[in-house]
> 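Structure in C-alpha cells, see below.
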There are 2 protein chains.
Amino acid sequence: MSTTPGRSDAGLLYRRYLSAVMLHGHASAKACDLGATDLYALNILELTGPMTPGELGTRTGLTTGPTTRLIDRLEQAGYVRRVPAPDDRRKVIVEPIGKPAELDQVMAPARQKVGAILAGYSAEQLDVLFDYFDRAAHAYQEAAELLRSDSGAVCP
Amino acid sequence: MSTTPGRSDAGLLYRRYLSAVMLHGHASAKACDLGATDLYALNILELTGPMTPGELGTRTGLTTGPTTRLIDRLEQAGYVRRVPAPDDRRKVIVEPIGKPAELDQVMAPARQKVGAILAGYSAEQLDVLFDYFDRAAHAYQEAAELLRSDSGAVCP
DNA sequence: AGATTTATCTTCTCTGAAGAAGAGAATATG
DNA sequence: CATATTCTCTTCTTCAGAGAAGATAAATCT
C-alpha cells in the first residue's frame with residue numbers, strides 16, 4: 001500500500017475514475033433523449049448481438065415486465081426490431097437495427113479525449129492497459145452477477 | 001489503429017469494459033436498496049466532501065427539484081446532514097455522515113477481484129494504469145460537462 | 001396420442017423518481 | 001434604500017421499474 005508515496009490515495013483516485021465514467025454514461029444517455037437503461041441495453045445489443053428479451057432482461061438487471069416495455073421503447077424509436085425465433089415460436093429475437101442519430105456526436109468528445117490520452121502511451125503500455133480492461137470487464141461482470149443472485153441474502 | 005493485430009477490436013473491448021463497470025454500479029446500488037442516483041450522489045459527497053445542494057445537483061446532472069428530494073432521501077436514511085452555511089444564510093451544506101451498512105459487503109467482490117488483478121502487475125505497470133485512471137477521470141468529467149452544456153444544441 | 005408441466009413473452013396496476021414552474025428568503029449592487 | 005440576482009424548497013405532472021397474473025408454445029410423461 002505505502003510502497004509508492006503517490007499511491008496512498010490509489011483507492012480514491014480509482015473511485016473518482018469510476019464516478020467520472022458513470023457520470024458520463026448518464027449524461028450521454030440524456031443527451032440522446034434516452035434513459036440510462038435504454039442506452040445501456042442498446043449498447044449490450046450492439047456488443048453482443050441479437051438476443052431474446054429474457055437474456056436482455058438478465059443482462060440489464062431488469063425483470064420481465066420492464067424488459068418488455070424497454071424493448072417497446074427501443075422498437076418505437078426505431079433502434080431495434082422484434083423477430084420471431086425460427087426454432088422456438090415462444091421466443092422472440094431482439095435485433096439492433098439502428099442507433100440514435102446524435103450518438104456519435106455525443107460520444108465524440110469522450111472518444112477524442114480518451115484517444116488522445118491513449119495515443120501518448122507506448123505499445124507496451126497499451127498492452128498493459130488493454131490487458132487490464134479485458135480482465136476488469138470480466139471481474140465486474142462476475143461481481144454484478146454475484147450481487148444479483150445474492151440480493152437480500154447478505155447475512156450468512 | 002491496425003499496428004498491433006490483437007488491437008483491432010480495442011474499441012469493442014473497451015466498450016465491453018465500460019458496460020461492465022456500469023452494470024456493476026447499477027447492481028450494487030440495488031443491492032443497497034438505493035437508487036443508482038442516490039448511491040452515486042453519496043459517492044460524490046464522500047469523494048469531494050461537503051457541498052451545497054446546487055453543486056450536488058450539478059454534479060449528478062439533476063435539476064433543483066429532484067436534488068432537494070434526493071437529499072431528503074439521503075438525510076432520512078441517515079447518510080447525510082444539512083448544515084446551514086456560515087457565510088451565506090441562503091445556502092445549505094450537505095455533509096456525508098454515514099454509509100449504507102451493506103456497502104462494504106456489496107463492494108467486496110468487486111474490490112477483491114480488481115485487487116487480485118492489480119496485484120499481478122509490476123510497479124511500473126501500475127504506474128501506467130493509475131496514470132491512465134487519473135487522466136481518463138478528468139477526460140470523462142470534462143466530456144460530461146460538455147454534454148450538459150450542449151444539451152439540445154448539437155447542430156452548429 | 002393425449003394430457004400435464006414448463007418456459008417464454010406480454011399485459012396490468014402501483015410505487016417511486018425526474019422534470020418544469022413557481023414561491024420565499026438572503027445577498028449583492030446601484 | 002430599492003432593485004435585481006442567487007439559492008433553496010414546494011407542487012404538479014410525466015415516465016420508468018417492480019410485481020402479479022395471463023396467454024401461447026414447447027417439452028415431458030403416462
Side-chain angles (χ1 to χ4, degrees), chain A residues 22-23 25-42 45 50-77 79-95 147-148 151-152, chain B residues 22-23 25-42 45 50-77 79-95 147-148 151-152:
Chain A
M22 302 242 279
L23 173 60
H26 203 80
S28 41
K30 237 189 298 193
C32 292
D33 283 314
L34 281 174
T37 307
D38 295 32
L39 182 58
Y40 179 55
L42 219 49
L45 282 169
M51 63 184 70
T52 65
E55 188 173 354
L56 185 60
T58 303
R59 293 202 186 234
T60 50
L62 266 54
T63 52
T64 63
T67 301
T68 296
R69 296 188 39 184
L70 162 70
I71 298 171
D72 288 346
R73 290 193 299 272
L74 295 179
E75 193 174 34
Q76 189 173 4
Y79 301 146
V80 305
R81 176 172 48 186
R82 273 186 242 241
V83 178
D87 59 329
D88 191 332
R89 279 190 300 176
R90 290 172 302 184
K91 291 185 185 173
V92 170
I93 305 290
V94 181
E95 275 184 0
L147 287 180
R148 208 173 307 128
S151 278
Chain B
M22 301 241 279
L23 173 60
H26 204 80
S28 42
K30 238 188 299 194
C32 292
D33 283 313
L34 282 174
T37 307
D38 295 32
L39 182 57
Y40 179 54
L42 219 49
L45 282 170
M51 62 184 71
T52 65
E55 188 173 353
L56 185 59
T58 302
R59 294 202 186 235
T60 49
L62 265 55
T63 52
T64 64
T67 301
T68 297
R69 298 191 39 187
L70 162 71
I71 298 170
D72 288 346
R73 289 193 298 273
L74 294 179
E75 192 173 34
Q76 189 172 4
Y79 301 146
V80 306
R81 177 172 48 184
R82 274 187 243 240
V83 178
D87 59 328
D88 190 334
R89 278 190 299 176
R90 292 172 301 181
K91 291 185 186 174
V92 169
I93 304 290
V94 182
E95 275 184 359
L147 287 180
R148 208 174 306 127
S151 279

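Per chain, numbering begins at 1; letters A, B, ... match sequence-line order.
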> What is the separation between atom CZ on B/R69 and atom C1' on D/dC15, rounded to the nearest whole Å?
13 Å

> Between A/G25 and B/M22, what is the shortest heavy-atom contact and its length?
CA-CE, 4.0 Å

> How close or far is atom P of C/dT11 from atom CD1 of A/I71, stated in whole angstroms?
11 Å

> When we call it a touch if two heavy atoms are under 4.0 Å apart, what does A/G35 touch: a base, just sugar-phosphate, or nothing?
nothing

> Please report the distance, rounded to the nearest Å, between NZ in A/K91 and P in D/dA27.
9 Å

> To the nearest Å, how far apart are B/Q76 CD and C/dA17 C1'?
14 Å

> For A/L70 and C/dT11, give me the distance from atom CG to atom C1', rounded to whole Å.
16 Å

> Rounded to the nearest angstrom, tell me the gap between atom CZ in B/R73 and atom C1' in D/dT10.
15 Å

> Roughly how far, to the nearest 0.5 Å, is CD of A/E55 from CD1 of A/I93?
9.0 Å

> Got a second to check how far B/I71's CD1 is from B/L45's CG, nearest 0.5 Å?
8.0 Å

> Just by protein heavy atoms under 4.0 Å, how would nucleotides 22-30 of chain C read 5' to 3' in B, S and -?
----BS---

> Without decimals, in angstroms, what is the distance between B/L62 CG and C/dG16 C1'?
14 Å

> With nearest nucleotide decided by heavy atoms, which residue, B/G65 or A/G61, maps closer to the 5′ end of DNA chain D?
B/G65

> For the pair A/L34 and A/Y79, evaluate side chain to side chain contact (heavy atoms under 4.5 Å, CB included) and give the outcome as yes or no after the intermediate values.
CA-CA 11 Å; A/L34 281 174; A/Y79 301 146; 4.3 Å; yes

> Does any part of the side chain of A/V80, heavy atoms only, come nearer than 4.5 Å to the side chain of A/L42, both counted from C-beta?
yes

> When the distance from CG of A/D33 to C1' of D/dA16 is rounded to whole Å, what number comes out?
15 Å

> So, OP1 or OP2 of D/dC7: does either fall under 4.0 Å of a side-chain N or O from B/T52?
no

> Can you tell me how far apart CZ (A/R73) and OG1 (A/T68) are? Round to the nearest 0.5 Å.
11.0 Å

> Does A/T67 reach a base, just sugar-phosphate, or nothing at all? Heavy atoms under 4.0 Å.
nothing

> Verify the contact: side-chain N or O of B/T63 to OP1 or OP2 of C/dA20, cut-off strictly under 4.0 Å; return yes or no.
no

> How long is the straight-line distance from CG of B/L74 back to CG of B/L39, given to the nearest 0.5 Å?
9.5 Å

